[in-house]
Structures are given as C-alpha cells and as structure tokens.
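Notes follow the structure.
This structure is a prediction, so every number in the text was calculated from the model and none was measured.
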Amino acid sequence: MQTRVGRSARFTSEQINRGSAEAGRSARMDHHKNRKQDRLWKGIGMSQGQKRVVRREPVYDAVIIGSGAAGGTAAWVLVKAGLRVAMLETGALRQHLVDFPYHESFPYDDPHRGFKTPLSRSDEFKNRYSITGSSKDEPYTTPEKMPYEWFRARNVGGRTMYWGRFTNRFNETDFRAYSKDGQGKDWPITYQDIAPYYDKAERFMGVCGEKENHPDIPDSDNFLPPINYKCSDLAIRRAAEKIGVRTLKVRRAMLTRPHGGYAQCHFCSACDDGCETHSFYNSAFRQVVPLIEQHPRTFRLYPEAMAYRINLDSKGLANSVSYVDKKTGQERQIKARTVIVACGTLESTRLILQSQIANSSGQVGRNFIEHLDVGAQAYFPELFWQERESGDGIGGAHIIIPWFGYFRPDEKRDFLRGFQIEPSSRIRMRPDKNAKNIPGFGSSYKKEVRKWTGARVVLASHGEMLPSEKKFVELDSTVKDKWGMPVLKIHHPWDANDLAMFKYMRRTYEELFAAAKAVDVRLPKEPDPAGHSIHEMGTLHMGTDAKTSVLNQFNQSWDVRNLFVVDAASFTSGTHKNPTLTIMALSWRASEYMLAEMKKGSW
C-alpha cells in the first residue's frame, strides 16, 4: 500500500497552495504511527510475534535529481507553487561558515616562506567536494590519445559553488544559427520565448551590469549597478580599442548593492572559497537551504544519494528513481509523479543511458558540445607599481570582450561562429611573478618583486563548438564505478573548425598584447584541454521532431511525458556564452509548464 502524497496539482488552484502541505502532514502522521515497523523496511529482522506492517512511503509530486542551477531553480518554482518535492544530490550539504576556507592566510604567516608547498586550505576543500578528472571511485574513460578533463562537483549546489558568475544572455541569432550558416540545428524556441525567464532568473540572482547596446549580448532591465573599472580594466579597454575591439562592463551574478535580503559584495575576491554574506548566487544557499528552512513539510533534500535508474510503470510513465545511499551503500527508491533530471549534462546523460529510456531517436549522448577554451597571459608595463587597493573588486576583471565579428562584416574567416574573451587581472596577496625566480638581493630585489605585482593580464576565451558525429558519449560496460555502475566513455576530438578558431584567437591575443606594449608574453601552442571550460552541453538536446531530438521545446521527453531534463544537456547549440543563466531560464520555463500540465492532469 502506498500513501499518495501531493496530488494537489490535479485539484483547484487553491488546493495547489495548501494541498501538498496537508498531504505532507498526513504522510508524516502515518510514518509516526508506523515508526516501530521501520526496521522491516530497512531489512533488519523483527522480534518474534511482532506485527509486520510495511512502511508506507510517500509519493512526491516531483523528484529532482541534482541541486545545481537547474535543480535548484526547478525546486524553487515548484515548492513555491505548493508542490511536495524531493531532491536527490550525490554530494553532501556543506555548512555555512564551516565547510569553506573563505580566506587564505597571509603569506607572512607561512613558516616556510613559500619553500614548502603543502596543500592549501582552498585545495583541501575543493578536493573534498569535487572531482577533477577520472578517479578510483568514480572513473570515466576516453579513447586513446583523446583526453578529456571532466570536473564534477560533489556538494549541494553543484558547480554553482565554483562558477565564474558570468551571466550573458544568448541572442536571437544564437537560437537560429543553423538558419544562418547551415551547421548544427536551430533551437525549437526563440529569444522571445526565453526572454521573460531571463528576467526572472536575473531578478532572482541579482546581476550587476550596464545597458551598452552590444549586438552580441542583449541588454536587460534588471541590472544592479555596474562594478567600476579597475586600473587594469582601463588598460585592457585602451588596448582593445586600438585594435578596433569593443569591450563591456562585466555582467555577473554579484550583488553591488543589497538585494533580496542579502548584503552587497565586500570585494574580498575569494568567491571560489565561499562567501560569508552570500553576495553571489549559488543554488545551495539561495535556493536549497532556504527551501529546507521555509518549507520543511513540502521539500526534502536527500544528500549523498546517487541516482542510478529512472523506473517506468506499465503505461510508460516515470514513477520512481532508484538510488544508492552513499553513506551506507544501500539501494533505495523514491516515488514521484514527475521526474526532473538536473544532474549536469554528462551525469544526466549517463543516468538516461543506464535507465534505457527516452531514446527512440537514438540521440541520447549525441550532439555533444562544449566550449573551446584558449588562455594566454602577459604583463602590462603601465600597470607596474600599482597601489595595492587598485586591485580590489569582485574577483577577476570587471570587463568582458564579447564577440566582435558583428563589427567586421566583410572579414573573411575560415571558421564559423564566434568567441568571447574574459580578461582577468587582480592584485593578489602573493606576487604574480614567482619571487623565487627573480634574481637579486636586498631592497633592489624587493622592488623588483613589487614592480610586477598586479601587472599580469590573463586572457581566456570561450569559443563556440559545432556538433559532430565524432563528439559523443556512451556507456563503457567494461569499467564500473565504486557502486557497480557502468561509467561514461567520452569522445571529444578537436575538429577543423575548432583549430581554425584557435588560430584566430591566438592572433587576436597577439594584437591586443602588442597594442598594450606587453612584456613576458606567453601565447598558447594549442587549445586548453578538452573539458577545461566545464560547460558540457547538448547530449539530450531539444528539438521540433521526436525522430531527431530527445526533448521538446519545454525540456520534456518525447517518449516519457512526465520526464524532464532541465540542465545544459537540453541545449541544441552551445553558443560562446556561459550557460548558467540560460540553464536557469530554461528550468524556470519548464517548471511553469509542468505546473500547468499537472493541473490539467496530463499524467
């Protein structure tokens, strides 16, 4: 027997708001009544003569797999609408003010003065809550001579605990690139379809920026005040102007004034190490934890729960998710009327492949795209001898260089699509140029070390990649993870378009550094390793035809109508822009569609 919890979406709009809470109370009363029988459900023997009663498990309105930007946003929309929601997350819930390093110690506190390099507190926490590359417990494979760097978060909040916070909108052309150049596919939605959800996501997060009417990045009416340029930003802008390239003030999910009950950024520039004041968006402390606190009766988080299969009923509808409790190794199951996949592109694809569902098109794992990343650095002489405080800010540069191909309509290029450049320059506590490699002694040596500090400018590009039959992921049945599940095999070779774009990026870097009269210039010989962008996309992409795509325009499976994929796996193309804002907008849009369909009783 099952206790049906949270059927409120089939009732009236008034019941949508109060029905799940009442159902939740009923389920908990049943659970309390039968708590003596819990041991049976756990597989533990009962004393002779004790009445055997099977524990009645709740059936949630929705179960969300993943707690990052996609899952956090879906949970926020659905729980606030009155639904009873469960969330599975393979990582742990990190405690505020406990499970973060926040700030590194000052260099002068190092007893070894930098001559020993023990693991920093920042790296200790990163290693505890994330995985870089293949690991013993959670491996993956690649073809020989085709490496791939896969960074996986293992904490509530997913990779929003580590992201760069860039929030650039896709433009109309981004959704219609195939119609322009004949490569890839057009999205089944337009900019007008998603624009209202960009608004909702921006207002929720708090995004600083300024309207500057650039054709590559649509403006917004929701910007918080822009962050002022630093000295290094002005130097970068002057160099860019000399080569005819336009810059913008950065648009990032950073609070430049109090917003939504959170304090403005205090310019410590240590965002990757955690924020004491929650002054930038991450889904853990802006969505998941507030839902736990505000809606304890209708929202439940299951941390350290690794989903491995989505189960279907006899009608072909998703009705439960099987998962492993990583703390005990036991297999569990959670029941729900709607299943929302938000694990991150590659993990979501692995889950669908393991479940052997939603693949009548044969497109699951195909259309794999990410960003072509290319980095370079140099020192700008005009930034020598900067004042220490001139580097204060929100971390990195306060400037961005959008794709400038719009201003070069007659330029002949041997690649399609474009890229954006994210400069970075800051004054750190430790010198940019390694002091151990600078010759000298005494006051002249100290001056030489000080001169270079804050003068380094790093350029990092994200370039759009085209889908290819050679870029895909599949299950590797010959390799299993710690829990006995087949791992992913990732195929991601560079193609001709990638390499042609790389050469153009490198040439642009050369021109910009030359315009700044930069010294100690270091240009790349090849792109950054595949996977470096941490922007995997497209492997469960949406489209207009069930024969050629996995999802419809509302992130809904063509094959399993109560199954939704709301992370970047749903992307039809990747553009050259950071994906998180678009992930949130799509998840918000899909969640509102779910609510409407559930009210109709569509499943």
### Approximate separation, where rounding is to 0.5 Å, of Leu488 CG and Trp150 CH2
5.0 Å
### Task
For residues Asp528 and Gly375, report the shortest heavy-atom separation together with the two atoms involved.
OD2-N, 3.6 Å
### Task
Assess the side chains of Gln183 and Asn497: does a donor N or O sit below 3.5 Å from an acceptor N or O?
no
#### Entry: Main-chain N/O of Arg522 paired to Tyr509 side chain as donor or acceptor, under 3.5 Å
no
### Main-chain N/O of Lys126 paired with Ser130 side-chain donor or acceptor, under 3.5 Å
yes
### Task
Give a yes or no on whether the backbone of Ile194 and the side-chain of Arg589 come within a donor-acceptor separation of less than 3.5 Å.
no
### Query
Where do Gly454 and Gln386 come nearest, in terms of heavy atoms and distance?
O-NE2, 2.7 Å
### Query
Can you say whether the rings of Phe513 and Phe380 are parallel (under 30°), tilted (30 to 60°) or perpendicular (over 60°)?
perpendicular
### Mutual orientation of the aromatic rings belonging to Trp452 and Tyr379 [parallel < 30°, tilted 30-60°, perpendicular > 60°]
perpendicular
### Message
Please verify the inter-ring angle class for Phe419 with Trp403; under 30° counts as parallel, over 60° as perpendicular, anything in between as tilted.
### Response
tilted
### Query
Nearest 0.5 Å, what's the CD1-CG distance between Ile427 and Asp432?
8.5 Å
### Query
Could Lys577 and Asp216 be called an ion pair, given the rule that one side-chain N must be under 4.0 Å from one carboxylate O?
yes
### Task
Considering non-hydrogen atoms only, spot the tightest contact between Leu248 and Arg251 and give its length.
CD1-NH2, 4.3 Å
### Message
Looking only at the aromatic ring of each residue, does the gap between the centers of Phe100 and Phe125 stay below 6.0 angstrom?
### Response
no
### Task
Establish, yes or no, whether a centroid distance under 6.0 Å links the rings of Phe502 and Trp494.
no
## Note on the structure
When rounded to the nearest 0.5 Å, the distance separating CG of Leu512 from CD1 of Ile401 is 5.5 Å
### Task
Using modelled atom types only, decide if a donor and an acceptor are shared between the side chain of Ser279 and the backbone of Ala263 within a distance under 3.5 Å.
yes
### Message
Between Phe407 and His214, is the ring centroid distance below 6.0 Å?
### Response
yes
### Query
Any ion pair linking Glu382 and Arg238 (charged N to carboxylate O, less than 4.0 Å)?
yes
### Query
Are Lys451 and Glu448 ion-paired here, with the side-chain N under 4.0 Å from a carboxylate O?
yes
#### Entry: Salt bridge Asp498-Lys471, side-chain N to carboxylate O under 4.0 Å
yes
### Message
For Gln192, is the CD atom crowded, meaning more than 12 foreign heavy atoms sit under 6.0 Å from it?
### Response
yes
### Query
Any chance the side chains of Thr173 and Tyr191 put a donor and an acceptor closer than 3.5 Å?
no
### Message
Which heavy atom of Ile438 sits nearest to which heavy atom of Tyr445, and what is that distance?
### Response
O-CE1, 3.2 Å
### Message
Once ring-ring contact (aromatic ring centres under 6.0 Å, His included) is applied, what residue pairs with a partner in residues 256-277 remain, sequence neighbours excluded?
### Response
none
### Task
Decide if atom NZ of Lys249 counts as having more than 12 heavy atoms of other residues, nucleotides or ligands within a radius under 6.0 Å.
yes
### Shortest non-hydrogen contact between Pro467 and Gly184, atoms and distance
CG-CA, 3.7 Å
### Query
Can you name the nearest heavy-atom pair linking Ala240 to Thr247, along with the distance?
CB-CG2, 3.8 Å
### Pair Glu347 + Arg154, salt bridge at N-O below 4.0 Å
yes
### Task
Spell out, as yes or no, whether a donor-acceptor pair under 3.5 Å connects the side chain of Asn578 to the backbone of Thr167.
no
### Task
Answer yes when Lys180 and Glu172 have at least one side-chain N-carboxylate O distance shorter than 4.0 Å, and no when they do not.
no
### Electrostatic pair Asp520-Lys433, nearest N-O below 4.0 angstrom
yes
#### Entry: Side-chain (Glu210) to main-chain (Pro226) donor-acceptor, under 3.5 angstrom
no
### Task
Compute the centroid of each ring, for His492 and then for Phe368, and state whether the two points are separated by less than 6.0 Å.
yes
### Message
Taking Met542's backbone N and O only, do any of them form a donor-acceptor pair with Thr572's side chain (distance below 3.5 Å, no angle check)?
### Response
yes
### Message
Does the Lys NZ or Arg CZ of Lys185 fall within the cation-pi geometry relative to Tyr178 - under 6.0 Å from the ring centre and within 45° of the axis?
### Response
no
#### Entry: Glu202 versus Ser220, side-chain donor and acceptor atoms under 3.5 Å
yes
### Task
Indicate whether the side chain of Thr256 and that of Gln264 have a donor and an acceptor atom separated by less than 3.5 Å.
no
#### Entry: Near-ring test His371/His535, centroid separation under 6.0 angstrom
yes
#### Entry: Salt-bridge present (Arg169, Asp219; N to O < 4.0 Å)
no
### Query
Do Asp273 and Tyr162 have side-chain atoms, one donor and one acceptor, less than 3.5 Å apart?
no
### Task
Rounded to the nearest 0.5 Å, what's the gap from CG on Asn168 to CD1 on Ile217? Could you check?
4.0 Å
### Message
Could you check whether any side-chain N or O of Ser444 sits under 3.5 Å from a backbone N or O of Gly440, counting only pairs where one atom can act as donor and the other as acceptor?
### Response
no
### Ring centers of Phe472, His491 separated by less than 6.0 Å
yes
### Query
Is it true that the side chains of Ser348 and Asp567 contain a donor and an acceptor less than 3.5 Å apart?
yes
### Query
What's the spacing between His398 NE2 and Asn228 CG if we round to 0.5 Å?
8.5 Å
### Query
Got a donor-acceptor contact below 3.5 angstrom from the Ser587 side chain to the Ile583 backbone?
no
### Task
Any chance you could measure Ser283, atom OG, to Tyr281, atom OH, to the nearest 0.5 Å?
4.5 Å
#### Entry: Test side chain to side chain contact (heavy atoms under 4.5 Å, CB included) applied to Ser461 and Ile421, step by step
CA-CA 4 Å; Ser461 289; Ile421 303 174; 3.3 Å; yes
### Query
Should the ring pair Phe170 and Trp187 be called parallel, tilted or perpendicular, given that the plane angle runs from 0 to 90° and is split at 30 and 60?
perpendicular
### Query
Thr345 and Glu536: side-chain donor and acceptor closer than 3.5 Å?
no
### Message
Determine whether a donor-acceptor pair (N or O, by modelled atom type, separation under 3.5 Å) exists between the side chain of Arg246 and the backbone of Gly244.
### Response
no
### Task
Taking the six-membered ring for Trp and the single ring otherwise, decide whether the centroids of His278 and His96 are under 6.0 Å apart.
yes
